[in-house]
Amino acid sequence: MAPPKIYKNFVGGEWVESASGEAFDNLNPANCSELAGQFQKSNSSDVAAAVAAATDAYHSWRLTPPPKRGEILFRAGRLLMERKEVFAEAMTREMGKVLDEARGDVQEAIDMTFYMAGEGRRLFGQTTTSELPDKSCMSVRSPIGVCGLITPWNFPMAIPAWKIMPALICGNTVVIKPAEDTPLSAYNLVKTLDEAGVPRGVVNFVAGFGPDAGAPLAEHSAARAISFTGSSEVGRTIAQTCAGSFKHLTLEMGGKNIMIVMEDANLDLAIEGALWGAFGTTGQRCTATSRIAVHKAVYAEFAKRFVERARGLRVGDGLDPKTQVGPIINESQLKTIEQYVGIGREESAKLLAGGERLTGGNLAKGFFFAPTVFGDCDAKMRICQEEIFGPVASLIPVSSFDQALEVANGVVYGLSSSIYTRDVNKAFRAMRDLDTGIVYVNAPTIGAETHLPFGGTKQTGNGHREAAVTALDFYSEWKTLYIDYSDKLQRAQIDT
Ligand code: UN1
């Protein structure tokens with residue numbers, strides 16, 4: 001077998017090795033004997049070099065007209081389109097999601113790239129009147145400086161694009177530290193940006209692990225803003241680090257997303273949606289449907305049909321076109337899922353499907369887990385409260401719409417929710433009263449589009465939204481300008 005390819009870091013426009021002199025393996029979770037490459041095990045001196053390069057590059061990038069920045073992003077978007085198939089296949093090899101979904105992930109990066117490229121000719125501020133004569137007022141967006149981006153493994157190209165593209169169009173420079181499980185997709189994105197003409201030092205890429213490379217990035221005094229997507233545990237540590245210097249921070253963390261199925265729902269549609277929401281991406285989305293509250297009038301039928309379909313899902317290597325559910329990202333995540341299945345059993349939830357690791361045939365080579373359904377759950381059980389991040393759905397019977405809402409809102413997270421109903425009154429009440437950042441009607445909890453705000457309430461985040469025009473609010477600062485052309489001193493609030 002040919003030796004694995006060794007991928008380098010990208011710092012100041014050069015491909016460089018880590019100061020540590022060490023590399024780590026990027027495993028294929030569907031077949032652990034296969035490597036998707038080796039990446040640099042970066043440390044704080046690599047991060048310092050990358051932040052220094054980004055600081056240097058900031059001086060001219062911030063002055064580059066935004067439509068020119070946009071042109072580079074348009075070129076990058078076109079290159080990503082040409083490379084979509086190759087990048088999707090590489091993503092499935094490093095992360096496991098089925099090829100069709102990997103294509104969707106690359107597409108999401110393309111969409112974000114074009115969306116933010118277009119912002120280069122907008123980046124609108126406000127002009128307004130003054131309370132004083134011969135005076136003009138406006139607000140404009142200013143860049144912040146160097147942004148540190150720490151990204152997760154579950155959307156290994158889309159989420160880096162969610163962060164890099166708005167940062168760049170606003171005139172910031174970036175250092176990205178992707179998840180150690182999926183550096184290749186971020187590498188492919190960064191390489192494409194370089195080839196599209198992003199100037200040296202504007203985008204820097206440092207592979208490695210959280211404690212060695214992520215922490216020094218969050219701690220670095222010259223990184224003026226940090227954007228993190230990942231676990232609540234790591235998010236809390238990053239928030240504490242950033243608090244010391246009041247660094248700007250966006251956090252996108254856990255979810256315990258619910259689908260509500262009312263008695264008047266189109267059950268065929270709801271079952272189809274629940275399967276996609278719970279088991280798409282092997283349940284490894286922050287937006288995954290992990291709780292399904294079903295009205296008692298249709299609970300038995302829904303449970304029976306949903307379980308049958310869940311049992312029939314084909315689990316396997318995401319490169320096989322017949323596969324519907326790919327592997328779990330790594331062994332430690334697999335153990336977490338196994339632990340939660342144990343917790344569900346102890347809590348006397350009824351295990352209706354799955355519940356175990358799959359090791360038959362080729363599945364023994366990777367980290368596979370059967371699509372799992374717990375029935376007759378109580379909303380207060382830990383499996384209904386805590387994020388599992390795997391193919392596990394818990395069915396909660398409810399007797400009314402009001403009870404469904406109470407169950408829905410009775411968790412610490414608030415990312416996404418959904419309701420299946422044909423009653424317009426219930427749909428509108430749900431849209432108003434579900435305490436989540438995203439609400440779907442007659443669709444599952446996954447499937448956000450890039451031109452709408454993405455993020456959650458409560459402990460899902462810290463109040464920011466990614467994507468859409470709202471992302472610009474994080475990656476820029478408002479600067480307010482007052483221009484007095486009266487040729488005399490005019491005192492606001494006094495000389496009116
Ligand atoms: C995530 O769940 O981590 O809405 C991101 C979705 C995708 C993005 C999910 N477009 O499901």
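In this chain, residues are counted from 1 in sequence order.
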Results of side-chain hydrogen bond (donor to acceptor under 3.5 Å, both in side chains) for E387 - residues two or more places apart only =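 For E387, no residue satisfies side-chain hydrogen bond (donor to acceptor under 3.5 Å, both in side chains) once neighbours in sequence are set aside.
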task = Go through the structure and list residues passing side-chain hydrogen bond (donor to acceptor under 3.5 Å, both in side chains) with Q324, not counting sequence neighbours.
result = none
query = Can R103 and E85 be counted as an ion pair, charged N to O under 4.0 angstrom?
reply = yes
Salt-bridge criterion met for R309 and E272 (N-O under 4.0 Å) =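 Looking at E272 together with R309, the answer is yes, because their closest N to O distance falls below 4.0 Å.
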List for me each residue that meets ring pair (Phe, Tyr, Trp, His ring centres under 6.0 Å) alongside [X], sequence neighbours excluded, and say none if there are none.
| X | value |
| --- | --- |
| F87 | none |
| H295 | none |
| F24 | F209 |
| F124 | none |

Under 3.5 Å, sequence neighbours excluded: what are the donor-acceptor pairs made by side chains of residues 367-377?
{"from": "T372", "atom 1": "OG1", "to": "G355", "atom 2": "N", "distance (Å)": "2.8"}
{"from": "T372", "atom 1": "OG1", "to": "A370", "atom 2": "O", "distance (Å)": "2.7"}
{"from": "D376", "atom 1": "OD1", "to": "Y299", "atom 2": "OH", "distance (Å)": "3.0"}
{"from": "D376", "atom 1": "OD2", "to": "K350", "atom 2": "NZ", "distance (Å)": "3.0"}

ask   = Sequence neighbours excluded, which residues qualify as salt bridge (Lys or Arg N to Asp or Glu O under 4.0 Å) partners of R236?
value = none
task = Specify whether Y187 and Y7 have parallel, tilted or perpendicular ring planes, treating 30° as the upper limit for parallel and 60° as the lower limit for perpendicular.
result =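 It falls in the perpendicular class, over 60°.
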ask   = Relative to Y340, does K335 satisfy both conditions: NZ or CZ under 6.0 angstrom from the six-membered ring centre, and within 45 degrees of the ring's axis?
value =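 Pair K335/Y340 does not count as cation-pi.
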ask   = Between N26 and E94, is any side-chain donor less than 3.5 angstrom from a side-chain acceptor?
value =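 Side-chain D/A pair, N26 to E94: present.
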request  = Compare all side-chain heavy atoms of M262 with those of I419 and state whether any distance is below 4.5 angstrom.
outcome  = yes
D435: side chain to side chain contact (heavy atoms under 4.5 Å, CB included) partners, not counting sequence neighbours =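 Partners of D435 by the side chain to side chain contact (heavy atoms under 4.5 Å, CB included) criterion, ordered by chain and then number, come out as N409, T457, K458.
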query = In chain order, what residues pass the side chain to side chain contact (heavy atoms under 4.5 Å, CB included) check against R78, with sequence neighbours excluded?
reply = F74, R75, F114
Salt bridge (charged side-chain N to carboxylate O under 4.0 Å, His left out) pairs, two or more places apart, involving residues 150-166 = K163-E466
inquiry  = With ring pair (Phe, Tyr, Trp, His ring centres under 6.0 Å) as the rule and sequence neighbours excluded, what pairs involving residues 387-420 come up?
reply    =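 Qualifying pairs, neighbours excluded: W153-F389.
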